[in-house]
Participant: 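Please find one structure pasted underneath; my questions will follow.
All values below come from the heavy atoms of this structure, side chains included, with hydrogens, waters and symmetry mates left out. Labels below follow one simple rule: chain letters A, B, ... track the order of the sequence lines, proteins then strands, and each chain is numbered from 1.
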Amino acid sequence: MDVPAKYNPAEVEDKWYQYWLKNRFFHSEPNDRPSYCIVIPPPNVTGVLHMGHMLNNTIQDVLVRRARMQGYNACWVPGTDHASIATEAKVVERLRAQGIEKKSISRDEFLKYAWEWKEEHGGIILKQLEKLGASCDWDRATFTMDPKYSESVIRVFVDLYKKDLIYRGVRMVNWDPKAKTAISDEEVIYKEVQSKLYYLRYMIEGEDSYVVIATTRPETILGDTAVCVNPSDPRYQHLKGKRVLVPLINRPVPVIMDDYVDMEFGTGVLKITPAHDVNDYVLGDKYNLPTIDIFNDDGTLNEDAQLYVGMDRFAVRKQIEHDLQNAGLLDKVEDYINKVGFSERTDVAIEPKLSMQWFIKMKELSEPALEAVMEDDVLLFPPKFKNTYRHWMENIKDWCISRQLWWGHRIPAWYMLDGEFVVAENEHDALHLAREKSGLSDLQLSDLRQDEDCLDTWFSSWLWPISVFDPELPGSEEAEPNDDFSYYYPTTDLVTAPEILFFWVARMIIAGYEWAGGYPFRNVYLTGIVRDKQGRKMSKSLGNSPDPIKLMEQYSADGVRMGMLLSSPAGNDILFDESLCEQGRNFNNKIWNAFRLVKSWTVDKEKEQPLYAEQAVEWFNTKLNKTIEELNDDFEKYRLSEALMRVYKLFWDEFSSWYLELVKPPYGEAVDSKTYLATLILFDELLRLLHPFMPFITEEIWHYLVERKENESIMVSRMPRAEEYDEAVLTNGERMKELITGIRNIRKERNIPQKDTLELFINGEHPAEIDSMVAKLANLEKITPSEEKPANASSFLIGTIEYHIPLGDMLNVEEELKKLSEELKYLQGFLVSVRKKLSNEKFLSGAPEHVVAVERQKQADAESKIKTLEERIAELGNL
RNA sequence: GGGAGUAUAGCUCAGCUGGUUCAGAGCAUCUGCCUUACAAGCAGAGGGUCCAUGGUUCGAAUCCGUGUACUCCCACCA
């Protein structure tokens with residue numbers, strides 16, 4: 001087989017992905033081997049791959065490929081999330097572009113369009129994952145609105161309702177006026193905004209005086225039903241029992257007294273708008289105030305506002321400022337920075353709004369999940385998230401799960417004509433229950449009306465690790481869990497972003513204990529957030545996020561994978577820099593060229609293996625074993641970037657720069673077969689170690705390396721295991737490198753070409769085993785252990801051993817003296833500090849014995865080196 | 001307002017139970033090299049007040065206190 005001079009990733013990567021698919025290497029089914037399982041954090045079905053996905057899925061692929069090669073029955077379950085709000089928003093937008101308004105069509109018609117959209121766009125992100133090399137078991141791909149999956153969602157709702165953990169009620173919720181739905185507290189993002197504080201005059205009823213009230217939202221005065229002062233505020237005692245007039249509309253509202261009011265803030269008077277502020281709502285409740293909701297669902301003002309009806313809330317704010325000014329009711333306006341909640345999905349300002357919603361009581365439900373993490377049944381990486389998790393779980397609030405949307409799982413509640421409702425898994429059961437409840441045995445389905453709302457997307461995602469295997473909710477019923485569930489659950493690792501620790505991770509753990517009999521995964525690896533070089537979060541609006549597909553075209557998928565991994569210590573944010581992908585591409589190139597070198601050798605079967613080659617093989621094999629051991633440790637701690645860096649250095653520095661240079665046959669000569677075979681084996685092992693990180697190039701080369709059968713693949717080969725190794729071999733190897741470096745430096749200083757042979761005289765206890773390797777790399781004619789020190793030689797010390805290279809006339813005595821004296825000076829200073837330490841009584845009595853011994857050894861070595869150097873300097877001086 | 005985290009080379013980060021892995025790695029930079037796998041390369045080199053300041057200790061990048069700067073999470077005073 002001819003090896004192309006250039007590596008062509010685009011072609012190669014596609015080829016092998018198809019090969020893997022064809023041979024069903026990604027597929028897993030329960031068997032008698034131990035399982036290793038990851039469920040993907042399902043991306044939004046309408047989503048497009050971004051850098052966060054890249055990071056996340058690269059990590060998952062590395063873990064699952066490694067596990068597979070370690071002999072686990074590895075399964076990575078892919079899928080997509082229906083993402084209620086985001087998808088519905090896109091469908092609405094598309095319809096609008098076609099001139100169709102959502103409210104002009106029926107629910108069924110809308111859903112038809114939505115499913116069309118899903119069919120068109122739903123596959124995109126999964127196709128993109130293929131480019132990355134994701135070894136997902138595509139046969140198991142699940143969508144959170146698959147019929148089976150939906151059944152499990154509804155089943156859970158009914159179960160919770162039966163357990164009295166779901167209730168319906170009017171509460172203040174976060175209203176998204178763009179998506180026109182309630183959202184949960186977790187979906188609100190608070191941002192600091194530059195706003196204004198308006199000081200408004202409220203006339204006191206029947207008097208010619210007024211009080212001034214500061215507010216950031218003057219448009220909400222139309223919904224005011226009281227003003228409030230602190231009872232101990234001396235400035236406002238005269239207001240007790242009086243009423244004030246809401247500006248512009250002159251509605252009289254009472255003055256109430258409550259110490260909730262902060263006397264320091266603004267003017268110390270607070271306007272109360274129970275329908276549009278959470279705190280006001282609480283006060284309104286306490287004092288039995290009426291609530292006036294002045295907003296429509298889309299954030300425009302309604303009839304109850306009396307003024308500005310139909311105008312948008314922000315337009316009203318401008319207008320009312322103007323009108324108040326004209327009416328002489330605006331005292332002043334100040335600049336003010338406050339925090340405003342924005343919708344995570346639509347990025348519009350949240351409107352607190354009273355409405356009828358469904359909630360889950362979370363307190364009791366969450367207790368086992370809190371314990372699971374506290375007791376380390378579920379491990380978080382990095383562990384600092386344990387604290388955050390605990391804090392949230394201990395202060396958990398009820399979860400608003402209803403959304404005023406059509407795209408999603410419809411709430412399985414049916415209302416009767418009298419407003420009473422029943423909750424059931426289907427219409428049939430609902431009718432049965434309704435007849436029972438109402439006592440009307442002739443009640444018909446047409447007498448029932450199903451709740452219009454959908455469930456929060458996360459209400460389905462929290463079942464993900466359970467329902468992808470068994471939609472029957474194995475833990476909650478008598479029913480036997482199916483084979484998939486019994487085998488794969490609990491899964492092994494979960495890899496996700498810390499942003500969704502509460503949205504998703506915590507709730508999955510809760511669901512696991514409630515419906516699957518235990519935790520859903522053993523380890524949670526929380527990745528960082530991908531930021532750009534300036535530390536800004538990558539976002540569409542900033543345009544600072546590279547397109548992963550383009551990156552892969554430019555640097556290869558393997559290259560981009562490497563770029564992602566090199567910058568990804570768990571939990572820390574990632575400052576993504578394209579140059580890391582470049583490093584990945586360069587590494588591809590390095591691997592390819594190293595391979596080309598080996599493949600270019602001609603093999604001479606008659607040739608004896610030179611000693612240096614035999615030793616090189618032994619040395620690198622030892623190095624390999626030690627590295628494997630270290631890699632195991634890295635993976636246990638999920639230190640993936642360190643693991644990759646370790647293999648990178650092993651391949652580039654140890655293998656290419658040292659090993660290959662050592663065993664490379666001299667120009668024009670053939671390699672002996674023993675060395676050649678050994679090199680192929682070592683190369684093979686390196687490829688396997690590299691495979692989880694760089695699956696494509698390793699597969700390509702693996703097939704060139706030796707002839708493979710039709711259905712063989714490196715991805716199902718065995719990961720090399722650490723064998724016992726001899727530390728002494730490694731120590732000698734390091735000595736060999738130091739010696740070579742010393743000799744190279746002398747060559748360089750004196751401009752001696754590599755082809756000129758040199759001689760080496762050694763004074764001291766030098767390990768002669770390495771001589772053969774040293775001679776090969778340094779082009780030495782002979783190596784002579786010698787008490788005698790050759791004249792006209794340049795010399796250097798390694799440890800306490802002195803090495804001399806005779807240079808004859810080429811020796812520059814002056815420079816040599818300078819070099820040696822500098823080293824001497826350093827050693828003398830060093831010796832002083834060591835002696836000082838050793839003459840300190842407290843050190844001798846306080847420090848452990850081995851530390852003292854080490855210091856003594858340092859002292860002896862330094863003394864010996866100094867003696868050697870002094871002698872050498874004297875000799876040179878005599879020349 | 002409450003909590004957590006981070007601060008080490010130009011950049012990104014290691015540095016575990018205080019002591020030979022103690023000041024490290026990769027990248028970048030600089031200096032030589034188109035040397036018969038690779039210039040996307042090879043061989044070398046330089047580069048640090050370990051944020052500041054007190055303390056504990058024979059000994060501190062490491063432990064403790066204080067301060068400063070940044071980041072994140074939670075709460076939400078109009």
Participant: List the residues meeting ring-ring contact (aromatic ring centres under 6.0 Å, His included) with A:Tyr7, not counting sequence neighbours, and say none if there are none.
Facilitator: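 ring-ring contact (aromatic ring centres under 6.0 Å, His included) check on A:Tyr7 returns A:Trp592.
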Participant: What nitrogen or oxygen pairs link the protein and nucleotides 15-17 of chain B at under 3.5 Å?
Facilitator:
from, atom 1, to, atom 2, distance (Å)
B:rG15, OP1, A:Arg639, NH2, 2.9

Participant: Mind checking what makes side chain to side chain donor-acceptor pair (under 3.5 Å) contact with A:Asp259, not counting sequence neighbours?
Facilitator: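 For A:Asp259 there are no side chain to side chain donor-acceptor pair (under 3.5 Å) partners, ignoring immediate neighbours.
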Participant: State which residues pass side chain to side chain donor-acceptor pair (under 3.5 Å) with A:Lys286; sequence neighbours excluded, sorted by chain then number.
Facilitator: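 Per chain and number, A:Lys286 pairs via side chain to side chain donor-acceptor pair (under 3.5 Å) with A:Asp258.
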Participant: Restricting to ring-ring contact (aromatic ring centres under 6.0 Å, His included), what partner residues turn up for A:Phe796, sequence neighbours left out?
Facilitator: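 Partners of A:Phe796 by the ring-ring contact (aromatic ring centres under 6.0 Å, His included) criterion, ordered by chain and then number, come out as A:Tyr803.
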Participant: Would you tabulate the nitrogen or oxygen pairs shorter than 3.5 Å linking the protein to nucleotides 56-60 of chain B?
Facilitator:
from, atom 1, to, atom 2, distance (Å)
B:rC58, O2', A:Asn840, ND2, 3.2
B:rC58, N4, A:Gly846, O, 3.4

Participant: Check RNA chain B for consecutive Watson-Crick or G-U pairs with both distances under 3.5 Å and list the runs of at least three as stems.
Facilitator: B:1-7 with B:68-74, B:10-13 with B:24-27, B:29-33 with B:41-45, B:51-55 with B:63-67
Participant: Sequence neighbours left out, what passes ring-ring contact (aromatic ring centres under 6.0 Å, His included) with A:Tyr676? Give chain and number order.
Facilitator: none
Participant: Going by ring-ring contact (aromatic ring centres under 6.0 Å, His included), name the residues that satisfy it together with A:Phe620, two or more places apart in sequence or in a different chain.
Facilitator: A:Phe655, A:Tyr659
Participant: Quick one: side chain to side chain donor-acceptor pair (under 3.5 Å) partners of A:Lys776, sequence neighbours excluded?
Facilitator: none
Participant: Output one letter per nucleotide in nucleotides 41-46 of chain B: B when a protein non-hydrogen atom lies under 4.0 Å from the base, S when only the sugar-phosphate is that close, - when neither is.
Facilitator: SSBS--
Participant: Give a yes/no answer on whether the side chain of A:Tyr648 brings an N or O atom under 4.0 Å of OP1 or OP2 in B:rC27.
Facilitator: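 Yes, such a contact exists.
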Participant: Taking only residues two or more places apart in sequence, or in another chain, which ones meet A:Arg390 in a side chain to side chain donor-acceptor pair (under 3.5 Å)?
Facilitator: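 So A:Arg390 forms no side chain to side chain donor-acceptor pair (under 3.5 Å) with any residue.
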